[in-house]
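What follows is one structure encoded as structure tokens, with my remarks underneath.
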Amino acid sequence: MTVAAASAPAATGAASVVQSVDWLAIAPPVITASVALIVLVADLFLPQKRKPLLGGIAIAGLGAALLLLIPLHKSTRSTFCLTTNPEACSYTVDRFTLVLQFVVLGGALLTALLSMTELTESNEKLPAGEFWFLLLSSAAGAALLPASRDLATLVVALEVASLPAFALVGLKRGDRLSSEAALKFFLSSVTATAVMLLGVSFVYAATGTLHLTEIANRLADVPYQLDTVAQTGVALTLVGFAFKTAAVPFHFWVPDTYVGAPLPVAAYLSVVGKAVGFSGLILVAVIAFPAYADVWGPALAVVAALTMTVGNVGALRQSATRAYSAVRLLAWSSVGQAGYLLVPIAAAGYSSDAQVGATVAYALMYAVVNLGAFAVAALVARTRPLNRIADYRGLYAERPFAALALGFFLLCLAGLPPGIIGLFAKVTVFSAAVDAGLGWLAVVMALNVVIALYYYLRWTAVLFRAPEGAEAPVEGAEAVVAGAEKTSAGAGPGGPVGAGSGGAVGAGAVGVPAARPRVPAPLTVAIALTALAAVALSGMPQVALHFASISLF
């Protein structure tokens, strides 16, 4: 009796520290990580000719993770909470989390579609098993990050998303550009992580907690002796995330990394990598560090102005005949777009009424159209591997659907009709700056939009120009046909047959274009899905702009 009575309190105390796990809430990243392990094990047993099955497994896993977002939209769910303070949780699923998980997992799914063709035609330069495992692992970390609500989980999720990305960039065997790109990406990201970890340690030293909501409460009343430590920690943490978002002056790795990486990986980094960086930056700035908004608000406003200006000027300077100029233009354009994405976050530092959801809405638009642009670039690279802007000349005559889709994507990025969603997204970001009293930043943004119009429209115009040398083959064909007619007129009874045969051969050799290579089905699906999504968002922009009302205060 005494033993039972003594053990009862112990059992009660033990039960009090056991946390319940909301498996539905954590299902999307868990499913993605589980499928990554399945692919890794399956790769050991599948023969080389059956390796394409791994891509099908990866796509099915990402599709399942996306479907599991549907039952989560009804209410906010939290798990891994402190037993002493149920309000302090490590994992929370709210509207902010769901939208960014949709962007991340949808971006990974479209990347997987683009990669199916790349892996099939790479002549074993890209090992399939390693590629799919790394892509799914990175996507799992990227899906975990928007739901993270403590600094430890944020850092772990960020590194799970980033470390496989280094390997993906350098996965091409025997490719010097790929190895160089991976090295630059690795060194910059490792530096960012070291700076961020130092900042996190300072924040923990000043507050004694890692949960974002608890940090916000304690930073508001930090002891005078620790104020300098807290300020330094806040600054270093934000600098670390600025590296991840490719904000100026931490953008130098972007152009060479995009050029050296396999094209689907460059598309993945431009969308999913950016979503990861911005979701982390929003969480730490808006939820954890509102007490220092008077410091990080002006700093982010200046960084936003520099980022959009440097990115757009860099894109403007790309020569149409330079090797990989199309990919470089998209890389510099992504830097400029990062500047627009920073504007609502900076505005949140000036006004508690600012809606950081404008960044979320803009990120949704950017993800769709940028992935679509990379999909068309992958199509062009199949026949023109140097991927110059000049290589897109006459694309409409060769592949009308791809040219129209790319033109529409570029107009969306520029913010011109009929790309209505791009225009509305820019107006939303512009309004966030004006409402926060950042008139000067709104002016800088307007000037950069004008700069971007030039290089986006210049590329769009190239798509619809006549192909180079298009007239010569036609004239040649007409000459052959005319010669055949003359021969036929002067020939005997056997002449027409011989002349007809010769004329046909000549016309085929000179005037009839060679058969176009067939576009693989996954690549066609990727272009079609992004085009349909962009058109749907332009027809119903309120669907995306609905998320601009998201507030984390």
Side-chain angles (χ1 to χ4, degrees), residues 78 88-92 94 96-97 100 104 141-142 144-162 189 191-220 222 229-247 250 273-301 303-304 307 338 341-350 352 354-360 363 550-553:
S78 296
C89 301
S90 295
Y91 190 99
T92 298
D94 52 17
F96 172 83
T97 301
L100 285 170
V104 165
L144 172 62
L145 193 140
S148 303
R149 293 299 186 271
D150 71 64
L151 290 178
T153 310
L154 267 175
V155 171
V156 170
L158 189 62
E159 291 313 299
V160 171
S162 299
S189 292
T191 303
T193 301
V195 170
M196 184 171 54
L197 286 175
L198 183 61
V200 168
S201 65
F202 282 177
V203 170
Y204 180 72
T207 61
T209 183
L210 290 173
H211 287 84
L212 302 184
T213 53
E214 292 289 294
I215 290 172
N217 294 333
R218 299 186 188 185
L219 281 180
V222 70
V229 174
Q231 289 183 3
T232 305
V234 169
L236 293 178
T237 303
L238 293 176
V239 165
F241 278 103
F243 266 99
K244 302 296 184 181
T245 60
F250 315 116
K274 203 172 293 303
V276 166
F278 277 99
S279 57
L281 184 62
I282 289 172
L283 290 173
V284 295
V286 177
I287 295 181
F289 303 151
Y292 290 89
D294 59 332
V295 176
W296 57 257
L300 288 181
V303 170
T307 301
L341 288 163
L342 280 170
V343 171
I345 308 175
Y350 285 83
S352 59
Q355 303 292 336
V356 294
T359 292
V360 178
I550 292 176
S551 177
L552 295 177
F553 286 105

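Note that the coordinates shown come from a computational prediction; the quantities given were computed from them, not determined experimentally. Computed from heavy atoms alone, side chains included, the values below leave out hydrogens, waters and symmetry copies.
- When side chains are defined from C-beta on, Thr153 does not count as touching Leu210, because their heavy atoms never get closer than 4.5 Å.
- Shortest non-hydrogen contact noted between Pro146 and Thr97 is O-OG1, 3.3 Å.
- With sequence neighbours excluded, the residues forming a side chain to side chain contact (heavy atoms under 4.5 Å, CB included) with Ala338 are Lys274, Phe278, Thr307, listed by chain and number.
- Lys244 NZ to Thr193 OG1: the interatomic distance, rounded to the nearest 0.5 Å, is 3.5 Å.
- Here Met196 contributes atom CE and Thr191 contributes atom OG1; the two are 12.0 Å apart, rounded to the nearest 0.5 Å.
- In this structure, Tyr350 OH and Leu300 CG are separated by 9.5 Å, a value rounded to the nearest 0.5 Å.
- In summary, of the residues considered (Val239, Val295, Leu219), a side chain to side chain contact (heavy atoms under 4.5 Å, CB included) with Val234 occurs for Leu219 alone.
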- prompt: Should Leu154 and Val200 be marked as a side-chain contact (heavy atoms from CB on, under 4.5 Å) after you check the CA-CA gap, both sets of side-chain angles, and the distance that decides it?
  reply: CA-CA 10 Å; Leu154 267 175; Val200 168; over 6 Å; no
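- A 4.5 Å side-chain heavy-atom check between Leu158 and Val276 finds at least one atom pair inside the cut-off.
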- request: Show your reasoning for whether side-chain contact (heavy atoms from CB on, under 4.5 Å) applies to Leu281 and Leu342.
  value: CA-CA 9 Å; Leu281 184 62; Leu342 280 170; 3.6 Å; yes
Under 3.5 Å, side-chain donor or acceptor atoms of residues 282-292 against the rest of the protein: list the pairs with distances, not counting sequence neighbours.
| unit_1 | atom_1 | unit_2 | atom_2 | d |
| --- | --- | --- | --- | --- |
| Tyr292 | OH | Asp227 | OD1 | 3.1 |

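- For Leu236 against Gly199, the heavy-atom pair with the smallest separation is CB-CA, 3.6 Å.
- Between Glu214 atom CD and Leu151 atom CG the span is 12.0 Å, to the nearest 0.5 Å.
- Expressed to the nearest 0.5 Å, how far OG of Ser78 lies from CG of Asp94 amounts to 8.0 Å.
- In this structure, the side chain to side chain contact (heavy atoms under 4.5 Å, CB included) partners of Tyr91, at least two apart in sequence or on a different chain, are Ala25, Ile26, Pro29, Thr79, Phe80, Val93, Gln101, Leu144, Ala147.
- Among all heavy-atom pairs drawn from Ala230 and Val222, the shortest one is CB-CG2, 4.4 Å.
- The two residues Trp296 and Ala348 make their nearest non-hydrogen contact at CH2-C, 4.0 Å.
- Taking both residues in full, the closest heavy atoms of Leu212 and Ser148 are given as CD1-O, 4.1 Å, listed atom of the first, atom of the second, then distance.
- Residue His211 comes nearest to Ser90 through the heavy atom pair NE2-OG, 3.4 Å, listed as atom of the first residue, atom of the second, then distance.
- In this structure, the separation between CG on Asn217 and OG1 on Thr209 is 9.5 Å, given to the nearest 0.5 Å.
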